[in-house]
Amino acid sequence: MSDNEKNTAAPAVDSGEPAFRYNAAMAQGIEERWQQYWDEHGTFWAANVNGDLKDGEGRNAEGRKSYFAMDMFPYPSGKGLHVGHPLGYLATDVVSRYHRMKGENVLHAMGYDAFGLPAEQYAVQTGQHPRVTTEQNIANMRRQLHRMGLSFDDRRSFATIDPGYVRWTQWIFSRIYDAWYDPEATNPSGSKGCARPIADLVAEFESGIRAIPGHDGKVWNELTAVEQTDVLNEFRLAYISKSPVNWCPGLGTVLANEEVTAEGKSERGNFPVFQRELRQWSMRITAYGHRLISDLDTIDWPEKVKLMQRNWIGESHGASVHFTVETPSGDQDMEIYTTRPDTLFGTTFAVVSPEHHLLACVPDAWPANTPESWTGGYATPKEAVTAYRRAAEAKTAKDRVDEAGEKTGLFTGLYAINPITGAELPLFTADYVLMDYGTGAIMAVPGGDQRDYDFAVKYGLPVIYTVQPLPESGDDLSDYEGKAPFVSHDGIVINSSVDATRADGQPLSIDGLRVDDAIAKVNAWLEQAGVGKGTVSYRLRDWLFSRQRYWGEPFPIVYDEDGVAHLLPDEQLPINLPDVPDYSPKTFDPEDAESNPEAPLSRNEEWVKVTMDLGEGPKTYYRDTNTMPNWAGSCWYYMRYLDPTDTEHMVEKDEYDYWMGPDRGNGRSGGVDLYVGGVEHAVLHLLYARFWHKVLFDLGYVDSAEPFHKLFNQGMIQAYAYTDDRGQYVPAAEVEEGPAGADGEPTFTWNGQHVNREFGKMGKSLKNIITPDDMYENYGADTFRLYEMSMGPLAESRPWNTRNVVGGMRFLQRLWRNVVDETTGEVRVSEDEPDLKTLKLLNNTIADVTVEMEGMRPNTAIAKLIVLNNHLTSLDAVPRAAVEPLILMLAPIAPHICEELWNRLGHAASLAHESWPVADERYVGQDTITAVVQIKGKVRAKLEVSPDIDSAELERMALEAVADRLGGKTPRKVIVKAPKIVSIVPAE
RNA sequence: GCCCCCGUGGCGAAAUGGUAUACGCAGCCGACUUAAAAUCGGCCGCUUCGGCUUGCGGGUUCGAGUCCCGCCGGGGGCACCA
């Protein structure tokens, strides 16, 4: 910036104000000028190791520590931003600017997550192509973010809809499709289980090393193409299957489990969701269940999010046990799953889910003496189970939730044999047993499980208690008889022995053992007896990956005339979306469970039907007309920041290792150094991204097992909203606060009428939106940034209160005035050495603020900077040596005004890469410290002492100071923590 | 129902187990001003002036906002997962 440009900040137009006062108008001028400077100078360009992005603001990457700070990228909706949205962006920007000043090479950029439902809906509403509206929205969002002064490397921005990006999303899909999970192989981080190319599996089938499931004894090359496809489909990590899925007629698409709420509604739109058997794409995320849990221990994430992921994956350790079921067509095997094999002696009946295959074998007549309540009034078991199954199918997820706790079920007419005791157990079917968890069959232990207990009570089944509380808990088993079942995992097993009289079993007794030991012993017995073994079960289901929507990535898959799927070669990528006559989804009456999904892409026949040569000569193929879910693009975007211009690789290895690799001298396990975003993605995006990353890690494309090293969840900015007496929202900005009423609560009025205050989100319909643009106009971006960063801890949610913003503005005004004369515009700092008091405060502030910045606590950093600035304000002349470090420390938070002041103080270049101030140890600490003398914890005296006073001296002074209170007696105990505390326990 | 997090002035909030209420807002007093705004300086938990105070009741400790147990209130996650 040239000298004559330097003092162009507009003088205040407001009459009566000094011409060079820092106000909103001046702030705007300063901010726009510095934003232009940063753009022109590439101030925030980060240097890559290789390639087109090697130059970063004249610096290179070599020998510099890297730091990658990232936000969860935004969804560019048509609504634009309100002040709540950028909190996380401001936090990462402050961190990025701070790390830059510590000399690190900082990668900080922003992309756009631009496929998905809302963009499509908005486009349908406005009658424009989603690409048009989406790109408009991105442009608007870019402008709003730029005006905030965020220090992005703009060369690295992209959107997930860019063909150059879609190409690699499809490429990753292809790698996942072309991979299988080998549970016996060792992955690159040394644990068991690893994705391998599908070609390895084919080679194993061909050579006969591995038996071909479902084709015992056959040779691979003798199988038909369709048979081969079907076999491989059972292994691929991305596969098509006909299975029960969540069908949402209101949205016209199927949804993943994670996108369905507990009430059985779609997360978007809140439409009913039905279970339907449909042929859809899934990803085998369940194969990674264990690693997704165990690797949580290697990353620095909030415990809350780790817990949510653990719960969602729901790993449970138990046993599968084989029961024999006597049917009219002979004995059948029934495998059950239980987490409590120690209670096998307490099982009194068995239950299978209504979809269970055993129900095909029910007898023609009820056994003699079948109680009326077991038959449901049906003449035969066959009629009963058929009717029950039909009723279960008709239930929506919501019905099931509503009924939870209320047990229904019917007897099957069959009996199952307990393999340990030989007992004959009546077999029921009931919908409280789910087909897709465990094995779809359970042994019921009403003495140990609330649900089984409820069922037993309803159908008059016996209850056996086999676990009693540990003696020290003082409980008595009889307390539980006939009441709630006893479910504790801490306990001693009783009534659980069989002797050797059972012909087919060994004797077994677990009486007197603690539950955990009993489980181990039973599992060992089951295994040697060949009737079961310890197993692991997951709540997590495979990830349903296809959607019947237009605005998403097409699958790189075509089908031949036989319906065999073929992966398109990488050279054909990206497969772009075709123009279709109508890109709106085919939606239905939300309650119409019988409707069928219809993909919009199927409307373009020219696109669907293609002729190409996939190695067997030119043939006709049909494209897959599904699109990928919105999550696909966000599963890997962090890697694309490393070089979005790279047309050769998804991400190049050298760049990956420099920015995200493990062991970069920072002791981290690898991945993005800091990832900031809302907690709402705890089990969606964050789980999916970890899964993809692990597949790519196993296959050797990336060198760290986890994508995000440190995760931080920023809180939500909340707001007040006001309703009138009819319950209508009124504009919050026009509401006036009155004095507190009789109940101590303030009253609120709008246009003279009384209104009620609510507390919650910021939203258009609540009429309480405040936009960043409002802030720029009234205060400027720096004050806006300062306010958001000072409101409270970043992780906490808190209410927005525009009235409080002025505090930050005043701070910046005082700082400005400390450097610039408000009437003349001249710089007025003193070149003299600061006095001792100022030096002490300055260096203590540097030490403290550095700690706060490291801990991501800008709110407390700001408080300390205000204290320092207030002190400088009280001086006759502000020393340059004190105000310059203050400016540098404030720069990450309020960068524009700091750049301006730095420039006016005579520095030619931006301060973005200036060194962060280092405290001079000679001035850190206090001259004297207030030592507190406590008697029984109450403060009784205060002493001004030297910080390095010795304990004996301090004790003597303390005892003297409170001598009259001790009444001449020698204290029982004196604790001295020099130099701060002397705590005295007086004699009785 | 199970699990997790959070309760501090009128408000947003500070406090490695060690002087509770830093910093900001609002409010009050004063200076400057014909006046107002802005600015600058001071005050700002309750109190019967003994003390009492971090939602309530216990506990551990010389000492608890902070650690432990039990309640109450608010928020979030999961929910027939055997």
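Basis for what follows: all heavy atoms, side chains included, without hydrogens, waters or symmetry-related copies. Chain naming here is simple, since letters A, B, ... match the order of the sequence lines and numbering starts at 1 in each.
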field: Gap between atom OG1 of T845(A) and atom CG of L886(A) - 0.5 Å precision
entry: 8.5 Å
- request: Mind calculating the distance between OH (Y453(A)) and P (A82(B)) to the nearest angstrom?
  value: 21 Å
- request: Please work out whether G9(B) sits syn or anti, treating a glycosidic angle within 90° of 0 as syn.
  value: syn
Nucleotide G18(B), atom P - distance to NZ of K938(A) in whole Å: 16 Å
message: Rounded to whole Å, how long is the line connecting atom CG of L954(A) with atom P of G18(B)?
response: 17 Å
task: Determine the interplanar angle of the Y22(A) and W816(A) rings, folded into 0 to 90°, and report it as parallel if under 30°, tilted if 30 to 60°, perpendicular if over 60°.
output: tilted
task: Rounded to whole angstrom, note down the C1' distance from A13(B) over to G24(B).
output: 8 Å
message: Please determine whether a side-chain nitrogen or oxygen atom of S790(A) lies at a distance below 4.0 Å from atom OP1 or OP2 of A13(B).
response: no
- prompt: Between A15(B) and A64(B), how far is it from one C1' atom to the other, in whole Å?
  reply: 13 Å
Could you list all N or O pairs between the protein and nucleotides 58-62 of chain B that sit under 3.5 Å apart?
{"residue": "C62(B)", "atom": "OP1", "partner": "K973(A)", "partner atom": "NZ", "Å": "2.9"}
{"residue": "C62(B)", "atom": "O2", "partner": "S983(A)", "partner atom": "OG", "Å": "2.4"}

message: Which nucleotide, if any, forms a Watson-Crick or G-U wobble pair with G50(B), using both distances under 3.5 Å?
response: none
- line: Any strand, both distances under 3.5 Å, Watson-Crick or G-U wobble: C78(B) pairs with G1(B)
- request: Give a yes or no answer on whether the side chain of T429(A) reaches the backbone of V352(A) with a donor-acceptor pair at less than 3.5 Å.
  value: yes
message: Taking U66(B) as the reference, what is the distance to U61(B) when you measure between their C1' atoms (whole Å, please)?
response: 13 Å
message: I'd like to compare against my own output: the B/S/- annotation of nucleotides 23-29 of chain B with a strict under-4.0 Å heavy-atom distance to protein.
response: SBSS---
Distance between P atoms of G74(B) and A37(B) (Å, rounded): 42 Å
- request: Return the nearest nucleotide to the side chain of W312(A); candidates are C78(B), C52(B), A13(B).
  value: C78(B)
- prompt: Below 4.5 Å, heavy atoms only, C-beta onward: do D452(A) and I442(A) meet side chain to side chain?
  reply: yes
message: Syn if the chi torsion is within 90° of 0, anti otherwise; quick check, which is G58(B)?
response: anti
Crowding at NZ, K306(A) (>12 non-hydrogen neighbours, <6.0 Å): yes
- prompt: Looking only at atom P, what distance separates C2(B) and G70(B), rounded to whole Å?
  reply: 13 Å
query: Roughly how far, to the nearest 0.5 Å, is the CG atom of N870(A) from the CG atom of L815(A)?
result: 10.5 Å
query: Is the closest side-chain heavy-atom distance between P302(A) and F712(A) below 4.5 Å?
result: no
query: So which nucleotide does C43(B) pair with, by the Watson-Crick or G-U wobble rule with both distances under 3.5 Å?
result: G27(B)
- prompt: From G51(B), G12(B), A82(B), pick the nucleotide closest to the side chain of R940(A)?
  reply: G51(B)
Short side-chain N/O contact to A82(B) OP1/OP2 from Y432(A), under 4.0 Å: no
- prompt: Can you tell if the side chain of M789(A) reaches within under 4.5 Å of the side chain of L794(A), non-hydrogen atoms only?
  reply: yes
- prompt: If we call it a pair only when both distances are under 3.5 Å in a Watson-Crick or G-U wobble match, what pairs with A22(B)?
  reply: none
- prompt: Of the candidate nucleotides A82(B), U19(B), A38(B), which contains the atom at the shortest distance from the side chain of V939(A)?
  reply: U19(B)
message: Is the distance between the ring centroids of F349(A) and F455(A) under 6.0 Å?
response: yes
message: Please report the distance separating the P of C5(B) from the corresponding atom of C67(B), rounded so that it comes out in whole Å.
response: 11 Å
message: Suppose you measure atom C1' in C23(B) against the same atom in U8(B); what distance do you get, rounded to whole Å?
response: 15 Å
- prompt: CG/L872(A) to CG/L841(A) distance, rounded to the nearest 0.5 angstrom?
  reply: 7.5 Å
field: Pairing nucleotide - U8(B), Watson-Crick or G-U, each distance under 3.5 Å
entry: none
N or O in side chain of R310(A) less than 4.0 angstrom from C78(B) OP1/OP2: no
- prompt: Would you say L890(A) and F811(A) make side-chain contact, with heavy atoms under 4.5 Å?
  reply: yes
